[in-house]
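Inspection log for the structure reproduced underneath, given as structure tokens.
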Amino acid sequence: MGIQLIGLSQAKQKLQRSLSARIASLLATSGTNNVPKGHVAVYVGETYQMKRFVIPISYLNHPLFQGLLNLAEEEFGFDHPMGGLTIPCTEDYFTALASILSGS
């Protein structure tokens with residue numbers, strides 16, 4: 001029994017290292033490594049011509065932003081076409097919302 005647990009533990013560590021390396025390489029190639037700590041990149045737009053914004057993580061808890069996240073979930077589910085968080089609204093609406101949130 002003890003030998004099986006050691007083998008399971010080693011396999012788990014190996015898998016975690018492998019996944020960490022894979023995630024790090026994906027982040028490096030996707031250009032998301034230039035997002036400052038405490039921020040998240042979102043893609044905004046109603047078509048495939050979406051613009052990338054970097055916002056503070058604190059915005060994600062605001063009720064107005066939660067409404068946009070619910071809309072994004074209804075439209076895209078969890079399979080986002082841009083590979084990141086996609087917000088289906090106009091850029092003007094999003095910048096107005098970000099302006100409101102930055103003042104609160």
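All values below were derived from every heavy atom in this structure, side-chain atoms included, with hydrogens, water molecules and symmetry-related copies excluded.
In this structure, L101 CG and S58 OG are separated by 8.0 Å, a value rounded to the nearest 0.5 Å. With rounding to the nearest 0.5 angstrom, the OG atom of S102 is 9.5 Å from the CG atom of L97.
Proximity of V54 to V40: side-chain heavy atoms (C-beta onward) are nowhere separated by under 4.5 Å. Contact annotation: the side chain of R52 approaches that of V35 to within less than 4.5 Å [non-hydrogen atoms, C-beta and beyond].
Residues passing the side chain to side chain contact (heavy atoms under 4.5 Å, CB included) test with T90 are E46, D92, Y93, sequence neighbours excluded. When the side chain to side chain contact (heavy atoms under 4.5 Å, CB included) test is applied to L69, the partners found at least two apart in sequence or on another chain are L60, F65, Q66, L85, I87. With sequence neighbours excluded, the residues satisfying ring pair (Phe, Tyr, Trp, His ring centres under 6.0 Å) with F94 are F53.
T95 places a side-chain N or O within 3.5 Å of a backbone atom of E91 that can act as its donor or acceptor partner.
Counting all heavy atoms, side chain and backbone alike, A98 lies closest to Y59 at O-OH, 3.6 Å. Closest heavy-atom contact between C89 and V44: O-CG1, 3.7 Å.
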